2 protein chains.
Amino acid sequence: MLSYTEENYLKAIYHLSSGGEHEVSTNSIAESLQTKAASVSDMLKKLSVKELVEYRRYKGVNISEEGKKEALKIIRKHRLWEVFLVNNLKFNWDEVHEVAEQLEHIKSPLLIKRLDEFLGYPSFDPHGDPIPDEYGVIKDKAKILLKDLEEGNEAIVVAVSDDNPAFLQYCSKLGIKIGTPLKAIDKLEFDNSMQLLLDGDQKINVSKEVSENIWVTD
Amino acid sequence: MLSYTEENYLKAIYHLSSGGEHEVSTNSIAESLQTKAASVSDMLKKLSVKELVEYRRYKGVNISEEGKKEALKIIRKHRLWEVFLVNNLKFNWDEVHEVAEQLEHIKSPLLIKRLDEFLGYPSFDPHGDPIPDEYGVIKDKAKILLKDLEEGNEAIVVAVSDDNPAFLQYCSKLGIKIGTPLKAIDKLEFDNSMQLLLDGDQKINVSKEVSENIWVTD
DNA sequence: ATATTTTTTTAGGTTAATCTAAATTTATAT
DNA sequence: ATATAAATTTAGATTAACCTAAAAAAATAT
Ligand SMILES: [Mn+2]
Ligand SMILES: [Mn+2]
Ligand SMILES: [Mn+2]
Ligand SMILES: [Mn+2]
């Protein structure tokens, strides 16, 4: 049985490695989990003994197949709970992440099976992130960062970063949500901001920071 | 902020003292939480410093008003989650307690407010236990233990113990649920078992153990 | 190639929650 | 009233997760 903390480490490693594609540095894990590198080193040894990661000192870690499976289970729970909170408990999309961070650690296979059923087997969470199925399989949409959308091109918002409430509130204020159609009117060199046309009528300017936290159809 | 463990101690003390009515012994807490008396002594000192209990060594503890408030918050969450699991996720009444033991520690006032609203402000959980309102006020029904129902008297099942899945499954098998009308036909001296008439037609015999874990209308 | 900087690990502690064994207090029995 | 038993506390360890400071390895710059 994994501890709450071990689960959070695995999830962080999974995300930082883009789904297990590459190795992850000690410092990046420390930053992501708001802890110190020394603590990370300790935990990596522990996870390595449990064969959830492959770890060679000074070389970073790779998540193992078993570790990936565990990470995906937690991510699945996190996203299903977010759907529940938004769809059924009327939470705003900026209010769910923190609560889901707690709910994702509840251990009950039956609970997650029934929750999935209750929600109607959703494929995406309120921020457009794909929900792994019970086998850990993810079916995501092709997408690019808004900042990489070329001038003159049109696209639809398919996902947003989910862990910064202020950012999500700002998106709501701007009128940006999942499904919003937009067009890149202009990209400004000096501050990397973008001029957008929202819903075909609303003209707005978004900063580099914003355009790096929104994904649109490819 | 209370730790998971502190919350469990407070809840145990609250229950063992019948809602703060009397003091509780170190050993009874240890037994209830499946831990050792030495561990309990340590924790009681901690809770005492936080003024959640009044503790005099060798004399047992009393829960404080503040401690009672915290305990009731956890009990409220526990029972609301049990309602959700049974009513919405189709859990059986014997499957919910263990999961609720985890869910009761989720910290989010908004979550519990919205869950209560979503469930339609239920007053009782699936085992007939009253759900404290947001101020910690409990409106319970007058009830007696089935074993204290006098021969010849009729009554209705209003509550059952909720922490033993095997007991709850056995109740289901016997046809005993919340709302079941029954009559005490006979009480046998030698083994303290009871003969009951269920729903006016079904004749069954229940052991002392069973009749001590079912409550009926007074 | 060597010096400097950055990253990572190790060494040695701390805290919360737990344990066993020993000491102490309280309760019970004769 | 005293001896014995039971309940409780204290002493001293252990474990998981964390920390700071020092040491070691790897990366970078000249
Ligand atoms: Mn999230
Ligand atoms: Mn999300
Ligand atoms: Mn319960
Ligand atoms: Mn219950």
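Source: prediction; values computed, not measured. Lettering of chains follows the sequences in order, A, B, ..., and the numbering in each one begins at 1.
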Subject >> Rounded distance (Å) that lies between atom C1' of C/dT8 and atom CD1 of A/Ile29 >> reply: 12 Å

**OP:** Compare side-chain N and O positions of B/Tyr58 against OP1 and OP2 of D/dA6 and report whether any pair is under 4.0 Å apart.
**Re:** no

Original post:
Mapping B/Val24 and A/Ser3 to their closest nucleotides on DNA chain D, which lands nearer the 5' end?
Top reply: B/Val24

Original post:
Does A/Ser25 place a side-chain N or O at less than 4.0 Å from the phosphate oxygens OP1/OP2 of C/dT7?
Top reply: no

Original post:
What is the distance from CZ of A/Arg56 to P of C/dT8, rounded to the nearest Å?
Top reply: 13 Å

Original post:
Can a side chain N or O of A/Lys45 be found less than 4.0 Å away from OP1 or OP2 on C/dT10?
Top reply: yes

Subject >> Counterpart residues, side-chain hydrogen bond (donor to acceptor under 3.5 Å, both in side chains), relative to B/Arg76 (two or more places apart) >> reply: B/Asp116

**OP:** Round to a whole Å and report the spacing from CG of A/Leu44 to C1' of C/dT8.
**Re:** 10 Å

**OP:** Consider the side chain of B/Thr26, meaning its heavy atoms from C-beta on, and name the nucleotide among D/dA26, D/dT10, D/dT8 that approaches it most closely.
**Re:** D/dT8

**OP:** Taking the six-membered ring for Trp and the full ring for Phe, Tyr or His, determine whether the centres of A/Tyr4 and B/Tyr4 are under 6.0 Å apart.
**Re:** no

**OP:** Figure out the CG/C1' separation between A/Asp42 and C/dA11, and round it to whole Å.
**Re:** 11 Å

**OP:** Would you tell me if any nitrogen or oxygen in the side chain of A/Asn27 comes within less than 4.0 Å of OP1 or OP2 on C/dT6?
**Re:** no

**OP:** Indicate the atoms forming the closest heavy-atom contact of A/Ser41 with A/Thr26, along with that distance.
**Re:** OG-CG2, 4.1 Å

Original post:
Using 4.0 Å as the upper bound for N to carboxylate O, is an ion pair formed by B/Arg79 and B/Glu82?
Top reply: no

Original post:
So does A/Lys187 pair up with A/Glu151, basic N to acidic O under 4.0 Å?
Top reply: no

Original post:
Which part of the nucleic acid, if any, lies within contact of B/Ser39, taking any heavy atom under 4.0 Å across all strands shown: a base, the sugar-phosphate backbone alone, or nothing?
Top reply: base

Original post:
Atom OH of A/Tyr4 to atom C1' of D/dA16: distance rounded to whole Å?
Top reply: 15 Å

**OP:** Considering only NZ, NE, NH1 and NH2 on the basic side and carboxylate oxygens on the acidic side, decide whether A/Lys11 and A/Glu101 come within less than 4.0 Å.
**Re:** yes

Subject >> Nucleotide nearest B/Ala37 when distance is taken to its side chain, options D/dT10, D/dT9, C/dT7 >> reply: D/dT9

Original post:
Within less than 4.0 Å of OP1 or OP2 of C/dT9, is there a side-chain N or O belonging to A/Tyr55?
Top reply: yes

Subject >> Side-chain N,O (A/Arg57) to OP1/OP2 (C/dT10) below 4.0 Å >> reply: yes

Original post:
Considering heavy-atom distances to DNA chain C, does A/Gly60 or B/Gln34 have its closest nucleotide positioned more toward the 5' end?
Top reply: A/Gly60

Original post:
At under 4.0 Å, does any side-chain N or O of B/Lys36 touch on OP1 or OP2 of C/dA21?
Top reply: no

Original post:
Which whole-number value in Å describes the distance from B/Asn8 CG to C/dA16 C1'?
Top reply: 14 Å

Original post:
Atom CE of A/Met1 and atom C1' of D/dT15: how far apart are they, to the nearest Å?
Top reply: 18 Å

Original post:
For B/Met43 and D/dT10, what is the distance between atoms CE and P respectively, to the nearest whole Å?
Top reply: 16 Å

**OP:** Please state whether the phosphate of D/dC19, meaning OP1 or OP2, lies under 4.0 angstrom from any side-chain nitrogen or oxygen of A/Thr35.
**Re:** yes

Original post:
Think A/Ser41 has a side-chain N or O under 4.0 angstrom from the OP1 or OP2 of C/dT8?
Top reply: no

